[in-house]
Chemist: 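What follows is a single structure, and I will ask about it in a moment.
Naming convention: chains lettered A, B, ... in sequence-line order (proteins, then strands); numbering from 1 in each chain. All figures in this text were calculated on a predicted structure; none of them were measured in a lab.
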There are 2 protein chains.
Amino acid sequence: MAKSKPSKTASAEEKIKEAARHVFTKKGYAATRTRDIAEEAGINLALLNYYFRSKEKLFGIVMEERMAQFFGLITPIVNDVNSTLDRKIELIVSYYVDMLLQNPDLPLFIMSELRHDSDLFRKFQVQNLIINSHLILQLKEKQPSIHPLHFVVSILGLTIFPFIAKPIIQSTDALNSQMFAAMMEERKKLVPKWAKAMIKVK
Amino acid sequence: MAKSKPSKTASAEEKIKEAARHVFTKKGYAATRTRDIAEEAGINLALLNYYFRSKEKLFGIVMEERMAQFFGLITPIVNDVNSTLDRKIELIVSYYVDMLLQNPDLPLFIMSELRHDSDLFRKFQVQNLIINSHLILQLKEKQPSIHPLHFVVSILGLTIFPFIAKPIIQSTDALNSQMFAAMMEERKKLVPKWAKAMIKVK
DNA sequence: GTCTATACAAAGATAGAC
DNA sequence: GTCTATCTTTGTATAGAC
């Protein structure tokens, strides 16, 4: 869990990784100081370099984990040849909402860091993963006159964008943390219904 | 224009501001070095401090401009009591697409920096601007059983999210820069149609 | 493995000449 | 106003004791 404080029982190495995950995800690579990580881990700064050699190496490890968490979720769903289009959409939305409620900083972190370091997703081959997916085929079949990528981007946008805009939405006094979570729960039902209606539109 | 090189005729002060706008927007505050800005502006580092005192001050000026550009666009549209709901949506999408095609880094910049520095939009009162808008009234009237904020977030998400996810989408060999622009042009028509269908959904 | 102390590098800010 | 040179601060990494 990204948000929990490092447990007392964990090894120093694991405590550092936990703290790094948290601080990097919240502040981004450039704004993070290794001292912040050491402090949050409750260990000495020198120990961080003892275990991980450098800030960059530690970041690489964390980033790889977070990418897997973010993109790994979607892979099996979009490529399942046995599920219907509607079912796929339901699963994508529902899984992402649950996971992002636990890790609200994740999308902004991934998007921000990827901007600088564009080699990272070549490694994960996100492109093929989505472009050549079974989901794309099903979308093409249901609505041949619109590029299926439109729908993929839209469904992900409807699900993920609220988390990216969360700082803005929440500055509103009218929406506290529980209300935000409640809205996202509602979206598990709404987005699939909306998607269905959108795909019908000519 | 954020992307153009500082013109030869501009004053040093303006050249620095232009360069700062560009570099800050692209890399974010923490990852930006004042030396980068000076170099891109084609002036000496000392001059930057002569005009702007500090990195933070310079950033503040740039940030305020960019916030105004990002949020200023939407204010008059959502509060126009004489335009229909459909028309408002058309305008929001169309204006944002045009502006963001010229400033593709802007959304990620705003969202990233706002995360750390949450006082900035209190200044702009984005909340009231949206929450108490005429658009919200119209949405509530048209679909009373769903919180109007859902639709606002969705319409903005459908419009803005593609720019945030652009680095990922573009890693796909199948989508170059012109194709991305073409897709966004299509969205000027698609998003309003989709929104209309979404609002009808019960 | 873990700490203290410190070296080293990078980046922000300023002094002072022109 | 603009530059060169330099000071200061901050942050990463290492040496060496325990």
Side-chain angles (χ1 to χ4, degrees), chain A residues 5-66 109 112-113 115-117 120, chain B residues 5-66 105 109 112-113 115-117 119-120:
Chain A
K5 293 268 177 242
S7 51
K8 292 249 168 75
T9 54
S11 68
E13 185 171 0
E14 188 49 41
K15 281 194 291 184
I16 295 169
K17 234 170 79 177
E18 246 177 86
R21 196 156 40 222
H22 182 214
V23 180
F24 277 136
T25 306
K26 192 169 151 204
K27 312 215 289 184
Y29 179 78
T32 295
R33 290 166 306 167
T34 51
R35 285 180 152 86
D36 297 339
I37 298 175
E39 192 184 348
E40 178 156 332
I43 53 91
N44 190 279
L45 174 58
L47 210 56
L48 187 150
N49 285 291
Y50 172 76
Y51 281 116
F52 298 97
R53 287 274 304 170
S54 75
K55 178 188 179 182
E56 206 175 341
K57 287 260 203 326
L58 177 54
F59 178 77
I61 292 169
V62 168
M63 188 65 180
E64 213 164 301
E65 274 185 28
R66 304 250 89 176
F109 171 69
S112 302
E113 299 303 328
R115 188 172 32 158
H116 309 122
D117 188 348
L120 267 163
Chain B
K5 293 267 176 247
S7 50
K8 291 246 166 78
T9 54
S11 69
E13 185 172 359
E14 188 50 41
K15 282 195 290 182
I16 295 169
K17 235 171 78 176
E18 245 177 86
R21 198 156 39 223
H22 182 214
V23 180
F24 276 136
T25 305
K26 191 168 151 205
K27 312 216 290 184
Y29 179 79
T32 295
R33 291 165 305 169
T34 52
R35 290 179 153 85
D36 297 339
I37 298 175
E39 192 185 349
E40 178 157 334
I43 53 91
N44 190 277
L45 174 58
L47 210 56
L48 187 151
N49 284 291
Y50 171 75
Y51 280 115
F52 298 98
R53 285 275 304 171
S54 74
K55 178 187 180 183
E56 206 175 341
K57 287 262 202 323
L58 177 54
F59 178 77
I61 292 169
V62 168
M63 188 65 180
E64 212 164 302
E65 273 186 27
R66 305 249 89 177
D105 290 330
F109 171 70
S112 301
E113 298 304 326
R115 188 172 32 159
H116 308 122
D117 187 349
D119 282 341
L120 267 164

Chemist: What nucleotide, of dT2(C), dT14(D), dG1(D), holds the atom closest to the side chain of Y51(B)?
Modeler: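 Ranking dT2(C), dT14(D), dG1(D) by closest atom to the Y51(B) side chain puts dG1(D) first.
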
Chemist: What is the separation between atom NZ on K27(A) and atom P on dG11(D), rounded to the nearest whole Å?
Modeler: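 Going from K27(A) (NZ) to dG11(D) (P), I get 9 Å.
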
Chemist: Please name the pair of heavy atoms, one in S54(B) and one in N49(B), separated by the smallest distance, quoted to 0.1 Å.
Modeler: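 Smallest heavy-atom distance, with atoms named: CA-OD1, 3.9 Å.
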
Chemist: Assuming nearest nucleotide by heavy-atom distance, tell me which of E13(B) and R35(B) is located more 5' along DNA chain D.
Modeler: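 Between the two, 5'-proximity favours E13(B).
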
Chemist: Nearest whole Å is fine: how far is dA13(C) P from I43(B) CD1?
Modeler: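 To the nearest whole Å, that distance equals 14 Å.
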
Chemist: Would you tell me if any nitrogen or oxygen in the side chain of T34(B) comes within less than 4.0 Å of OP1 or OP2 on dG12(C)?
Modeler: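 Answer yes for this pair, as a side-chain N or O of T34(B) is under 4.0 Å from OP1 or OP2.
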
Chemist: Atom CZ in F52(A), atom CD in E13(A): separation rounded to 0.5 Å?
Modeler: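 Here the interatomic distance stands at 4.5 Å.
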
Chemist: Any cation-pi pair here, K55(B) with Y29(B), using under 6.0 Å and within 45°?
Modeler: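 Yes; both conditions hold, so K55(B) lies above the ring face of Y29(B).
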
Chemist: Could you state the atom-to-atom distance from NZ of K55(A) to C1' of dA11(C) in whole Å?
Modeler: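 About 13 Å, once rounded to whole Å.
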
Chemist: If I compare all heavy atoms of R115(B) with all of K26(A), which pair ends up nearest, and what's the gap?
Modeler: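 Smallest heavy-atom distance, with atoms named: NH1-O, 3.1 Å.
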
Chemist: OH of Y50(A) versus P of dC3(C): gap in Å, rounded?
Modeler: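 Result: 12 Å.
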
Chemist: Could you state the atom-to-atom distance from CG of N49(A) to P of dA15(D) in whole Å?
Modeler: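 Answer to the nearest Å: 11 Å.
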
Chemist: So if I take every side-chain heavy atom of A46(A) and compare against dT4(C), dC3(D), dA13(C), which nucleotide ends up nearest?
Modeler: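 For the A46(A) side chain, the nearest candidate turns out to be dT4(C).
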
Chemist: Between R33(A) and dG11(D), is there a contact of a side-chain N or O with OP1 or OP2 at under 4.0 Å?
Modeler: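 Affirmative; the distance criterion is met.
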
Chemist: Taking atom C1' of dT4(C) as reference, at what distance in whole Å does atom CG of L48(A) sit?
Modeler: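 These atoms are roughly 16 Å apart.
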
Chemist: dT2(C) P sits how many Å from N44(A) CG, rounded?
Modeler: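 Nearest whole value for this atom pair: 11 Å.
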
Chemist: Can you tell me how far C1' of dA10(C) sits from CD of E39(B), to the nearest Å?
Modeler: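 In whole Å, dA10(C) C1' and E39(B) CD are 15 Å from each other.
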
